[in-house]
Asks: 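Structure below; questions to follow.
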2 protein chains.
Amino acid sequence: MITIKDVAKLANVSEGTVDRVLHNRGGVSLKTEKLIKEILKKHNYTVNPIARALSIKNKFSLYTLMPNHDKTNLFWKSPLLGVLKASQEVRAYGVEVTNYTFDQFKPSSYLNEFKTLIKSKPHAVLIAPTFIKETKEIVNELEKLDIPYAFLNIDLEGFKNILFVGQNSYAAGYVAGKLMHLSCPDQSSILVIQTRININNYYAFSKRIEGFNDYFTKNDIKVNIINLNFDNLKDLKEVGKNLNSLLKKEKSIKGVFVPSSRISIIVNCIDEPLMNNLNLIGFDNTEPNIKCLQENKVSFLISQKPFDQGYESIHLMTDFLIKNKTPIKKIYSPIDILTKENVIYNERDKSMFESDSI
Amino acid sequence: MITIKDVAKLANVSEGTVDRVLHNRGGVSLKTEKLIKEILKKHNYTVNPIARALSIKNKFSLYTLMPNHDKTNLFWKSPLLGVLKASQEVRAYGVEVTNYTFDQFKPSSYLNEFKTLIKSKPHAVLIAPTFIKETKEIVNELEKLDIPYAFLNIDLEGFKNILFVGQNSYAAGYVAGKLMHLSCPDQSSILVIQTRININNYYAFSKRIEGFNDYFTKNDIKVNIINLNFDNLKDLKEVGKNLNSLLKKEKSIKGVFVPSSRISIIVNCIDEPLMNNLNLIGFDNTEPNIKCLQENKVSFLISQKPFDQGYESIHLMTDFLIKNKTPIKKIYSPIDILTKENVIYNERDKSMFESDSI
DNA sequence: TATATTTTCGTGTTCGCACACGTAGAATTT
DNA sequence: AAATTCTACGTGTGCGAACACGAAAATATA
């Protein structure tokens, strides 16, 4: 591994000159520049990222803004864990990550947290743009201040975010359609359950449903899709009543598709006897969802490596900050198909935490 | 982030003393040691891994030994790419990775390459233990020289390897069984094709078949499983003749399971008209296999993130070398279910190569 | 008490890179 | 010809940790 010093010696100049060429900071005559560049190429010099990181004194601040999580709302735990893990790793590179969370059902909370956050004048921001209208306002402010921003998990279009990390919702829904088709006999009815509790990032859910439906139409498969909306998932008794009576009435329903991470809640509303001939497909590997898989209550979960989403975002943003390297604009997460049999091999948040690998 | 210098100032000692305490190298009086330890804990000091890496002069050599790849044999390309990518990253940490490959059909090649490799007295070795007998010999030598070793992709039991990174073959086969069950109507016959060309790491393949069969027996599903062996996959015409005549004769065959990465070769042997009502399931996301998926010739591929296997092994071994950190003994790769619809989102070898992220 | 031996600790250098600062000599202006 | 920029480069310092060397302090031995 050749160093700047070595190059300098070879070119008969000082290290400073080589450095100037490397960062084309000017002040080098054309011929020495050419000579140095040749030597660099010949020995294919690469910076020692370690030394570089050590010597950079600039400290960067990176702020994240995503929904919080609690018992009933576990999805956002994973991205946060990924972010935290990556934060440890990039700290030594002079990047300080600070996390803000908001109530995902309150646009005002989203906006308020942002307003607090922005006071610290961050060098970059990573947000889960849960509400469209408020995101516009936020982005406006960011662009005014010339602060680069990236989107996590939710892929809003029409913004100048430098990066999106998350799943292609349409494709994920399409895969769900295929799995549903595989699980259900022909001519079945399929129930698609939306929960208005998520009117917020409605966009992703409707894309999933669009993909789901398209699978059947594009492949010319005849099914009867029944849409069901619940305004309030908190009132589980009410939900259960409606759901069970519908299932009793429509015996042709063989599949239930829940395009959100809340399938475990739905499962708990359905009477045991009705579950027997039902194939349920949902999203996301939250703990209760995984439990449903393992107890044979859910056939498939579509997952998206949320931990990795958080983890990778931070690393890519760090690269952007310390190397001025613009990332690929969209990083699509895998569309993982989880079953009872493979779910335990899918993710390992914990082991990643034990090993503070490089 | 508190530094050694800071701690030294707080304790009224020099940096050297703090360093001695940190590495308990002795030569520090009990009371100063106690004082320093208290300060370390109070400000919860953590080493700056960057600075540490820079100052460590020890160079470690890490050797890998895995099968080579060519057009007909693509599987081992991915782990190698992962290894190469990780090698770049750990180089700055003073770990030099050198790769040796062998002909996966020649035990002698395996052994010979090892014998060349071992002459360099590596600090650690990562091998894909393709042949059991020869592996015993190799391990013997390694243990005599006190060189730690890890297994990549193939999980041989009864050895003192510090690490295994790869898939649980039994579980992967079990998942394949489930998918086959989903795809085929009840009472079908299912063809399981083994290729003796792989008698070598036969172990993994037989585990996959065991898992596959167990899925049906444990779930009380009646199928008729037909086993077929081909001694020589090179003579494709011969293979095609046998295969096609069997398929023509046994109309009940609705599924074909190939527990190796060679399903694309099998696909190319089957006559188009016979493909129609056939569900094929194979292993590994090699380029030809992916093509088969996309052309609707194969229903599912079970994959195992081979790139990541290589990538992670190197990082874990590096941790082991430079931090004396013994990794978790077995790192199981995900059992990815690939379909036409989700395959493009599954892996991104290339993008990982573009971004030389930290 | 004087000398020898440990124990305990400070100093200085090194790793590779980034960057502020300084300066010799060339080029230009007056 | 003197005074002034400019150009092109060298020097020095710092980042945080590791470690070798050796000095001072503490203890042991005579």
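Per chain, numbering begins at 1; letters A, B, ... match sequence-line order.
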Asks: How is N48(A) classified with respect to the nucleic acid when contacts are heavy atoms under 4.0 Å: base, sugar-phosphate, or nothing?
Replies: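 The residue N48(A) makes sugar-phosphate contact but no base contact.
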Asks: Please, which pairs that meet ring pair (Phe, Tyr, Trp, His ring centres under 6.0 Å) have at least one residue in residues 142-164 of chain A, sequence neighbours excluded?
Replies: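 Residue pairs with at least one partner in residues 142-164 of chain A: Y149(A)-F151(A), F151(A)-F159(A).
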Asks: Is the distance from OP1 or OP2 of dG16(C) to the nearest side-chain N or O of R52(A) less than 4.0 Å?
Replies: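 Checking dG16(C) against R52(A), no side-chain N or O comes under 4.0 Å of OP1 or OP2.
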Asks: Taking ring pair (Phe, Tyr, Trp, His ring centres under 6.0 Å) as the test, write out the residues that go with H123(B), two or more places apart.
Replies: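 Only F60(B) meet the ring pair (Phe, Tyr, Trp, His ring centres under 6.0 Å) criterion with H123(B).
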Asks: By side chain to side chain donor-acceptor pair (under 3.5 Å), which residues pair with T135(A), not counting sequence neighbours?
Replies: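 In terms of side chain to side chain donor-acceptor pair (under 3.5 Å), with neighbours along the sequence ignored, T135(A) is linked to Y110(A).
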Asks: Report the nucleotide, chosen from dA18(D), dG16(C), dA18(C), that has the shortest atom-to-atom distance to any side-chain atom of H23(A).
Replies: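 Nearest listed nucleotide: dA18(C).
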Asks: Just the rounded figure in Å: distance from P of dA18(D) to CG of L54(A).
Replies: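 L54(A) atom CG is separated from dA18(D) atom P by 12 Å.
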Asks: K9(A): what forms a salt bridge (Lys or Arg N to Asp or Glu O under 4.0 Å) with it, not counting sequence neighbours?
Replies: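 With sequence neighbours excluded, K9(A) shows a salt bridge (Lys or Arg N to Asp or Glu O under 4.0 Å) to no residue whatsoever.
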Asks: Could you check how far CG of N24(B) sits from P of dC19(D), rounded to whole Å?
Replies: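 Spelled out: CG on N24(B) to P on dC19(D) is 13 Å.
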Asks: Could you state the atom-to-atom distance from CD1 of I4(A) to C1' of dC19(C) in whole Å?
Replies: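 Atom-to-atom, I4(A) to dC19(C), this comes out as 11 Å.
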Asks: My understanding is that only residues two or more places apart in sequence, or in another chain, count here; which of them pass side-chain contact (heavy atoms from CB on, under 4.5 Å) with I39(A)?
Replies: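 Once residues adjacent in sequence are excluded, the partners of I39(A) under the side-chain contact (heavy atoms from CB on, under 4.5 Å) criterion are V7(A), L10(A), A11(A), L35(A), H43(A).
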Asks: Are side-chain heavy atoms of S333(A) and D308(A) found at a separation under 4.5 Å?
Replies: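 Side chain of S333(A) against side chain of D308(A), heavy atoms only: no contact under 4.5 Å found.
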Asks: What pairs with Y332(A) under ring pair (Phe, Tyr, Trp, His ring centres under 6.0 Å), at least two apart in sequence or on another chain?
Replies: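 Y332(A) satisfies ring pair (Phe, Tyr, Trp, His ring centres under 6.0 Å) with Y345(B) only.
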Asks: According to side chain to side chain donor-acceptor pair (under 3.5 Å), who are the partners of E312(A), at least two apart in sequence or on a separate chain?
Replies: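 Testing E312(A) for side chain to side chain donor-acceptor pair (under 3.5 Å), a comparison that skips the adjacent residues, returns R348(B).
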Asks: Between atom NZ in K5(B) and atom C1' in dA17(D), what is the gap in whole Å?
Replies: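 Computing the K5(B):NZ to dA17(D):C1' distance gives 11 Å.
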Asks: Send over the distance from Y93(B) OH to dG16(C) P, rounded to a whole Å.
Replies: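 So the OH-P distance, Y93(B) to dG16(C), works out to 15 Å.
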Asks: Give me the bend of the helix from dT1(C)-dA30(D) to dT30(C)-dA1(D), using the axes of the five pairs at each end, rounded to 10°.
Replies: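 The end-segment axes of the helix from dT1(C)-dA30(D) to dT30(C)-dA1(D) are tilted 60° relative to each other.
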Asks: dA8(D) C1' sits how many Å from L35(A) CG, rounded?
Replies: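 The answer, rounded to whole Å, is 14 Å.
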Asks: Rounding to a whole Å, what distance do you find between D6(B):CG and dG16(D):P?
Replies: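 Answer to the nearest Å: 8 Å.
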Asks: Give a yes or no answer on whether the side chain of N48(B) reaches the backbone of I50(B) with a donor-acceptor pair at less than 3.5 Å.
Replies: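 Yes, the answer is positive, given that a donor and an acceptor are paired below the 3.5 Å cut-off.
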Asks: Can you give one letter per nucleotide of nucleotides 5-11 of chain C, 5' to 3': B if a protein heavy atom sits under 4.0 Å from the base, S if only from the sugar-phosphate, - if neither?
Replies: ---BBBB
Asks: Think Y45(A) has a side-chain N or O under 4.0 angstrom from the OP1 or OP2 of dC17(C)?
Replies: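 Checking Y45(A) against dC17(C): at least one side-chain N or O falls below 4.0 Å of OP1 or OP2.
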Asks: When you measure from the side-chain N and O atoms of K31(A) to the phosphate of dA8(D), is any distance below 4.0 Å, counting only OP1 and OP2?
Replies: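 False: K31(A) side-chain N/O out of range (4.0 Å or more) of dA8(D) OP1/OP2.
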Asks: Taking atom P of dA17(D) as reference, at what distance in whole Å does atom CD1 of I50(B) sit?
Replies: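 Value for this atom pair: 11 Å.
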